[in-house]
Amino acid sequence: MSALQNLLTCLRFASVSTDPAHHPEVRACAEWLNGHLNTIGLSSQLHETPGHPIVLARNVHRPGRKTVLIYGHYDVQPAEPLEAWRHPPFEPTEELGRLICRGSSDNKGQFMAHVSAIEQTLIEQGELPLNVILLIEGEEEIGSPNLAPFLAQHGAELACDLVAISDTGMVAPEVGTLTYGLRGIACMEVVVRGPGIDLHSGIFGGVVANPLSAAASLISSLHDADGRVAIEGFYDGVKPIADWERENWSRLGPAREEYLKLTGAPELAGEAGFSERERLWARPTAEINGFGGGWQGEGSKTVIAKQCFFKLSMRLVPGQDPERILNLASEHLRARCPKGITLEIKPGHSGQPYLCDPFSAHGLAAQRALAESFPNHPIALIREGGSIPIVQSFRDILNADTLLLGLAPPDAQAHAPNENFPLATYEAGITMSKALLRELARQG
Ligand code: BES
Ligand code: ZN
């Protein structure tokens with residue numbers, strides 16, 4: 001099978017980790033992957049977890065060689081809203097040189113580039129130039145609840161010198177991009193309760209607090225007029241942006257037009273005093289991801305709903321701890337909860353931010369591999385706004401730093417309808433992964 005055929009097979013599994021209706025497909029994807037990795041000459045095993053299985057494969061390890069752990073995830077986000085897709089979401093379809101499919105850039109196209117690079121290197125050279133562990137999990141999109149315990153249990157088997165991941169973006173197609181920082185995350189769901197039953201808003205309006213109004217005022221209390229998060233203590237300990245980073249990021253050119261185009265928003269917004277890239281990559285945020293309750297149907301229904309909810313996620317940067325931030329946010333909301341309203345606060349996913357040195361010996365090897373495979377432009381050194389919580393756990397549990405060699409272009413539409421991945425990037429990704437193995441081995 002060609003590298004492309006293997007990617008297409010992987011993409012056809014609707015491996016949506018959050019949705020029980022898709023769980024058989026999640027397992028089928030893991031089983032296919034496990035079989036495929038054994039076929040290309042690795043020794044691969046499926047490891048059961050309380051959730052979705054982990055696929056773990058390795059080549060023949062030789063003492064004295066460096067060991068790299070390559071991580072990826074075979075689970076994907078739900079495809080909904082289905083009507084917004086131009087093609088069925090799990091039938092990869094080529095359009096203008098890109099494969100349109102859920103999971104194509106996040107993360108199947110990216111990790112399959114590494115798998116194909118390993119396959120080709122084994123065919124061309126008979127063996128890999130260093131010890132490789134391939135760890136592909138099925139729960140990244142639901143916060144990797146079972147992976148950190150797995151790392152702790154299998155510490156000896158997973159011992160490595162570094163981790164390499166392609167699950168981030170490129171600043172532009174053809175611009176090799178090394179990401180040395182990720183934001184962390186802290187999520188919560190808040191249920192806002194008032195009266196014991198839904199009430200007629202004429203008969204009772206004026207004597208009880210309205211849960212939807214309370215939620216709206218709580219939500220608006222999260223930011224001040226300058227777009228800063230107004231939770232007391234939120235910015236305590238936030239690591240300032242280094243001068244070299246500011247200079248480096250501003251050299252990537254103005255970002256306003258690009259983000260207007262990518263987002264479709266009529267104007268950009270955010271914390272005053274920082275550029276777009278600084279706000280995205282190195283400043284924390286608080287975002288409402290969901291808000292519901294009351295009459296959602298057509299026309300008006302004069303009701304005071306007994307309850308409503310909102311979902312809050314905060315992106316964190318080095319110096320912030322998810323647990324501490326969740327506590328601060330809870331205190332902030334409770335202190336402002338109006339009379340006649342009660343709050344139930346349910347903490348959700350969380351993950352530590354990550355920062356490493358792009359000029360370490362391994363970082364320099366990654367830069368060389370990127371420069372070789374994306375030769376037309378200088379490579380970009382960036383941080384990213386998204387989160388891969390397990391990256392800090394690799395450092396804490398395996399004592400290994402992570403190189404993030406992203407392959408998704410800015411308009412890959414991860415998590416959104418018509419997610420896509422350029423075929424040319426898949427090919428370049430295979431070249432990059434081969435070069436990375438070579439450069440890491442050479443660097444000794
Ligand atoms: N691949 C993304 C993370 C990402 C994307 C990092 C782009 C940097 C740049 C990953 O699959 C993802 O979506 N992560 C979630 C984590 C959450 C579910 C805990 C995120 O960032 O929302
Ligand atoms: Zn994702």
Side-chain angles (χ1 to χ4, degrees), residues 15-19 26 51-52 71-79 89 101-114 136-148 163-172 175 177-189 259 262-263 277 279-282 284-290 311-317 322 325-326 347-356 380-394 402-417 419-421 425 429:
S15 46
V16 181
S17 49
T18 191
D19 181 358
V26 177
H52 302 305
Y71 162 91
H73 63 94
Y74 66 83
D75 66 319
V76 303
Q77 286 273 324
C101 190
R102 168 57 84 232
S104 55
S105 61
D106 185 6
N107 169 242
K108 291 171 173 175
Q110 302 210 47
F111 82 72
M112 283 300 290
H114 289 286
I136 318 287
E137 71 151 321
E139 300 190 313
E140 196 274 348
E141 299 291 6
I142 51 173
S144 303
N146 294 298
L147 187 52
V163 178
I165 305 181
S166 295
D167 191 23
T168 47
M170 300 173 79
V171 295
V175 178
T177 303
L178 181 64
T179 296
Y180 59 91
L182 294 167
R183 287 197 288 193
I185 189 165
C187 300
M188 62 164 65
E189 179 171 345
Y259 283 109
L262 284 170
T263 61
R277 292 195 183 91
R279 303 203 298 272
L280 286 166
W281 297 345
T285 58
E287 296 288 351
I288 302 299
N289 302 124
K311 297 185 186 228
L312 166 66
S313 69
M314 290 160 286
R315 295 284 169 171
L316 311 179
V317 300
I325 292 293
L326 283 175
H349 301 314
S350 68
Q352 298 280 349
Y354 182 73
L355 191 63
C356 72
L381 300 180
I382 68 166
R383 300 201 223 167
E384 285 259 34
S387 307
I388 310 177
I390 204 63
V391 169
Q392 182 59 35
S393 307
F394 285 134
T402 296
L403 302 170
L404 295 145
L405 304 109
L407 295 170
D411 55 353
Q413 292 178 218
H415 293 203
E419 178 178 348
N420 61 81
F421 192 60
T425 310

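Both ligands and their constituent atoms are indexed starting at 1 by order of listing. Since the model is a prediction, treat every value here as computed from it, not as a measurement. Residue numbers start at 1 and run along the sequence shown.
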Apply the side-chain hydrogen bond (donor to acceptor under 3.5 Å, both in side chains) test between Ser15 and each candidate in His73, Arg102, His52, Lys108; give the one that qualifies.
-> Lys108

N or O contact, [X] vs ligand 1, cut-off under 3.5 Å:
{"X": "Thr168", "result": "no"}
{"X": "His349", "result": "no"}
{"X": "Glu384", "result": "no"}

Is the backbone N or O of Gly72 less than 3.5 Å from a side-chain atom of Glu140, with the two atoms forming a donor-acceptor pair by type?
-> no

Provide, to 0.1 Å, the distance between [atom] and the closest protein heavy atom, together with that atom's residue and name.
{"atom": "atom 16 (C) of ligand 1", "result": "Ser387 O, 3.5 Å"}
{"atom": "atom 19 (C) of ligand 1", "result": "Pro389 CG, 3.8 Å"}
{"atom": "atom 18 (C) of ligand 1", "result": "Glu141 O, 3.7 Å"}
{"atom": "atom 10 (C) of ligand 1", "result": "Glu140 OE2, 3.1 Å"}

Checking side chain to side chain donor-acceptor pair (under 3.5 Å) for the pair Asn146/Glu139: CA distance, chi angles, key distance, verdict?
-> CA-CA 8 Å; Asn146 294 298; Glu139 300 190 313; 2.8 Å; yes

State, to the nearest 10 degrees, the angle whose vertex is the Zn ion (ligand 2) and whose arms point to OE2 of Glu141 and OD2 of Asp106.
-> 90°

Side-chain contact, heavy-atom cut-off 4.5 Å: [X] with [Y]?
{"X": "Ile165", "Y": "Leu405", "value": "no"}
{"X": "Val16", "Y": "Val26", "value": "no"}
{"X": "Pro284", "Y": "Arg183", "value": "no"}

Any N/O/S atom, backbone or side chain, of His415 lying under 2.8 Å from the Zn ion (ligand 2)?
-> yes

Could you walk me through whether Ser105 and Gln110 pass the side chain to side chain donor-acceptor pair (under 3.5 Å) check?
-> CA-CA 6 Å; Ser105 61; Gln110 302 210 47; 5.7 Å; no

Taking the non-hydrogen atoms of [X], is any one of them nearer than 4.0 angstrom to ligand 1?
{"X": "His73", "result": "yes"}
{"X": "Asn107", "result": "no"}
{"X": "Gln77", "result": "no"}

Tyr354-Tyr180 aromatic ring centre distance below 6.0 Å | no

Gap separating the CG atom of Asp19 from the CG atom of Asp75, nearest 0.5 angstrom | 12.5 Å

What part of Asp167, side chain, backbone, both or neither, has a heavy atom within less than 4.0 angstrom of ligand 1?
-> both

Note: Arg315, heavy atoms under 4.0 Å from ligand 1, region reported as side chain

